[in-house]
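Working notes, structure below.
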2 protein chains.
Amino acid sequence: MSTENENTVVPLSKRKIACKDCSLFQICLPVGINGEELERLEQIIQRRRPVKRGDHLYHGGDPFRSIYAVRSGSIKSYVPTESGNEQVTGFHLPGELLGLDAINNRIHPCSAKALETTSVCEIPYDQFELLSNELPVLHRQLIMLMSKEIFEEETHTLLLGKKSAEERLAAYLFSISSRYHRRGFSASEFYLSMSRNDIGNYLGLAVETVSRMFTRFQEDGLLSVERKHIIIHDLERLKLMAGAVPGKCGEQFFCLGSS
Amino acid sequence: MSTENENTVVPLSKRKIACKDCSLFQICLPVGINGEELERLEQIIQRRRPVKRGDHLYHGGDPFRSIYAVRSGSIKSYVPTESGNEQVTGFHLPGELLGLDAINNRIHPCSAKALETTSVCEIPYDQFELLSNELPVLHRQLIMLMSKEIFEEETHTLLLGKKSAEERLAAYLFSISSRYHRRGFSASEFYLSMSRNDIGNYLGLAVETVSRMFTRFQEDGLLSVERKHIIIHDLERLKLMAGAVPGKCGEQFFCLGSS
DNA sequence: AAATATAATTGATATTTGTCATTTTTTGAT
DNA sequence: ATCAAAAAATGACAAATATCAATTATATTT
């Protein structure tokens with residue numbers, strides 16, 4: 001949560017932090033981008049001042065202008081429905097993108113709300129498109145990330161379609177753990193930035209069911225939970241409880257959370 | 001079901017049917033591709049002999065080589081799970097793509113099985129990538145289609161997370177109807193190529209529940225169903241029964257099924 | 001710091017949908 | 001055409017989870 005100077009949109013070049021110095025570098029841009037290409041990409045990336053908890057990056061229905069990468073903090077994506085309800089469609093942790101569902105229609109189908117003070121990189125899509133004409137590697141990278149997103153949505157479909165409440169929460173916690181771990185944080189101890197309500201919504205469960213499951217997990221000695229602070233005591237067991245994983249995993253051909 | 005000469009892989013150039021003559025042209029390639037570009041794309045597209053009902057296009061775990069577009073017939077995508085179960089993740093009707101979830105890992109996370117005799121266009125991905133270096137419009141088009149797929153997965157998440165059995169089946173039938181309609185077929189009368197089992201699996205419901213819902217819909221005069229043959233008597237009511245749609249729809253900013 | 005609002009937990013009960021068992025219908029094979 | 005196997009429909013019942021209500025804990029505001 002480094003509070004750099006907090007102004008409105010400032011070109012990256014005017015700031016100290018460049019992609020190549022960013023801790024998310026290898027997550028955002030894992031493959032074959034060279035120094036010169038990176039520099040040109042950086043020139044179009046905008047770093048905005050951090051958004052505060054509860055603020056929206058965009059609302060469902062807004063015109064699409066940019067895709068975003070989370071630098072720090074976390075974002076919740078949700079589909080607002082007519083009845084005033086919402087369906088949470090995902091949580092975005094550092095190094096993850098959002099807004100990819102809006103490219104086709106040029107309108108955001110989802111809203112994106114900060115769960116805590118959050119910094120994002122904004123990539124204006126028109127400029128990205130122009131630059132990609134010269135640097136096909138950018139398109140290629142985006143396609144990879146979108147493919148990954150599609151796969152992850154399928155994993156979530158599997159969860160919603162086939163898993164019990166217990167399996168859902170276990171899978172959820174395991175996923176969060178893996179993603180933090182990948183970012184260099186502890187896999188066994190972390191703070192959940194989202195409410196029980198959001199978790200339940202995302203997992204297709206009532207809040208009360210989520211609460212009860214947390215209680216049960218704690219009674220079983222699987223983890224300690226105190227409000228949003230989670231300590232996993234047995235990651236292996238958590239993984240087992242999460243049940244089915246696409247492709248039978250078992251190291252057969254790939255694993256959730258691998259890049 | 002035009003039974004052309006049924007051999008193994010034959011370059012498109014050797015055949016009579018070109019993309020520009022294909023009835024799916026505007027669905028596969030809706031935007032800004034000119035004649036010359038199209039011709040170069042056609043040169044890499046392979047038309048294989050139709051796959052028979054029950055045959056697989058690929059299995060989960062297979063190395064990724066191509067993406068596919070359905071020309072006629074239908075394909076079921078499913079995630080095989082360790083327990084021998086499966087989770088159906090989607091049905092692909094004419095004009096729709098599959099295999100996009102495998103680009104990132106270069107391994108198919110899903111299996112794809114023909115529900116009836118089905119013709120597909122195969123687009124070898126390496127060649128597509130090479131060609132895209134010269135024709136960025138191809139990448140752009142793929143990104144659009146992937147964005148749309150991500151959006152559709154979110155719609156499915158909304159269905160699995162928030163809807164009752166009745167709403168699920170109504171939403172499903174409305175989706176199928178819209179997709180056929182878009183392809184120029186009747187919106188109110190069609191044959192379902194998938195079993196009740198597959199439908200239930202896809203919707204996160206037991207087969208029996210699907211059966212009962214069909215019966216109820218018929219008793220309500222909403223539709224006539226005879227095995228796989230469906231006649232919708234009141235499309236508007238079906239749409240209403242389907243409930244929540246991303247973005248409040250109501251023509252506010254977009255509608256399911258619009259391109 | 002007190003007061004108020006919000007979030008989380010817990011218990012009791014209701015409801016939807018799943019499971020099991022059976023019958024009927026349809027499809028495919030010999 | 002007959003038989004066997006698979007798919008679909010229907011009924012009875014069970015179970016998981018949602019809903020409702022109440023309590024407790026935690027944040028937020030003044």
Side-chain angles (χ1 to χ4, degrees), chain A residues 52-55 76 83 85-88 113-117 159-173 191-220 223-230 241 243, chain B residues 52-55 76 83 85-88 113-117 159-173 191-220 223-230 241 243:
Chain A
K52 283 200 285 292
R53 183 179 138 87
D55 284 353
K76 160 178 102 169
S83 49
N85 285 333
E86 57 184 57
Q87 170 65 48
V88 175
K113 191 179 188 175
L115 293 168
E116 60 196 305
T117 302
L159 180 145
L160 292 174
K162 287 272 170 303
K163 299 192 178 193
S164 68
E166 180 176 294
E167 290 173 317
R168 290 182 199 197
L169 187 59
Y172 179 72
L173 292 173
Y191 282 86
L192 293 173
S193 56
M194 63 295 292
S195 68
R196 299 285 191 271
N197 227 308
D198 287 338
I199 295 173
N201 188 310
Y202 178 67
L203 298 178
L205 300 171
V207 207
E208 295 92 331
T209 306
V210 175
S211 242
R212 283 185 248 270
M213 286 301 147
F214 268 120
T215 306
R216 190 202 287 179
F217 284 179
Q218 182 156 246
E219 285 167 357
D220 290 354
L223 48 75
S224 298
V225 50
E226 204 195 324
R227 197 92 175 147
K228 313 218 157 192
H229 182 210
I230 309 284
M241 286 176 71
Chain B
K52 282 200 285 291
R53 181 179 141 89
D55 283 354
K76 160 177 102 167
S83 48
N85 284 333
E86 58 184 56
Q87 170 64 48
V88 176
K113 192 178 185 176
L115 293 168
E116 59 196 305
T117 304
L159 180 145
L160 292 175
K162 288 270 169 301
K163 299 194 178 192
S164 66
E166 180 177 294
E167 289 173 318
R168 289 182 199 196
L169 187 59
Y172 179 73
L173 292 173
Y191 283 85
L192 293 173
S193 56
M194 64 293 294
S195 68
R196 299 286 191 271
N197 228 307
D198 287 338
I199 295 173
N201 188 309
Y202 178 67
L203 297 178
L205 300 170
V207 208
E208 294 91 332
T209 306
V210 175
S211 245
R212 282 185 250 269
M213 288 299 148
F214 269 120
T215 307
R216 191 203 287 179
F217 284 178
Q218 182 157 245
E219 285 168 356
D220 289 355
L223 47 75
S224 298
V225 51
E226 205 193 324
R227 195 91 173 146
K228 313 219 156 191
H229 181 211
I230 309 284
M241 287 177 71

By nearest nucleotide on DNA chain D, pick out whichever of Arg212(A) and Glu226(A) is the more 5' one. Arg212(A)
Using whole Å, what does the distance between atom P of nucleotide dG18(C) and atom CG of Asn85(B) come to? 14 Å
Taking the side chain as every heavy atom from C-beta outward, state whether Phe217(A) and Met241(A) have any pair of such atoms under 4.5 Å apart. yes
Is the base of dT10(C) touched by the side chain of Arg216(A) through a donor-acceptor pair closer than 3.5 angstrom? no
Could you measure the distance from the NZ atom of Lys113(B) to the CD atom of Glu86(B)? Nearest 0.5 Å is fine. 6.5 Å
Starting from P on dA18(D), measure out to NZ on Lys163(B) and report it in whole angstrom. 18 Å
For dT26(C), does OP1 or OP2 lie under 4.0 Å from any side-chain N or O of Arg196(B)? no
Which nucleotide in the set dT10(C), dA8(C), dC20(C) lies at the smallest distance from any side-chain heavy atom of Thr215(A)? dT10(C)
Rounding to a whole Å, what distance do you find between Leu205(A):CG and dT19(D):C1'? 14 Å
Among the nucleotides dA8(D), dT17(D), dA21(D), which one has an atom lying closest to any side-chain atom of Glu208(A)? dA21(D)
What is the distance, to the nearest angstrom, from the CE atom on Met213(B) to the P atom on dA8(D)? 17 Å
Provide, to the nearest angstrom, the distance between the CG atom belonging to Asn197(A) and the C1' atom belonging to dA27(D). 16 Å
Quick one: pull up CG in Leu192(B) and CG in Leu115(B) and give me the separation to the nearest 0.5 Å. 10.5 Å
Could you state the CD-C1' distance from Gln218(A) to dT9(C), rounded to the nearest angstrom? 12 Å
Is the phosphate of dA8(C), meaning OP1 or OP2, less than 4.0 Å from a side-chain N or O of Ser211(A)? no
Among dA18(D), dT26(C), dA7(C), which nucleotide sits nearest the side chain of Thr209(A)? dA18(D)
In this structure, how many angstroms lie between the P atom of dT10(D) and the CZ atom of Phe214(B), rounded? 12 Å
Residue Ala206(B), side-chain atoms from C-beta onward, closest of dA8(D), dG18(C), dA18(D): dG18(C)
How many angstroms lie between atom OG of Ser211(A) and atom CG of Leu169(A), to the nearest 0.5 angstrom? 10.0 Å
Side chain of Arg227(A) - closest among dT28(D), dT26(D), dG18(C): dT26(D)
Looking at Leu173(A) and Phe214(A), what are the two nearest heavy atoms and their distance? CD1-CE2, 4.0 Å
Write down the distance between NE2 (His229(A)) and P (dA25(D)), rounded to a whole number of angstrom. 20 Å
Mind checking if Gly200(B) touches a base, just sugar-phosphate, or nothing, with heavy atoms under 4.0 Å? nothing
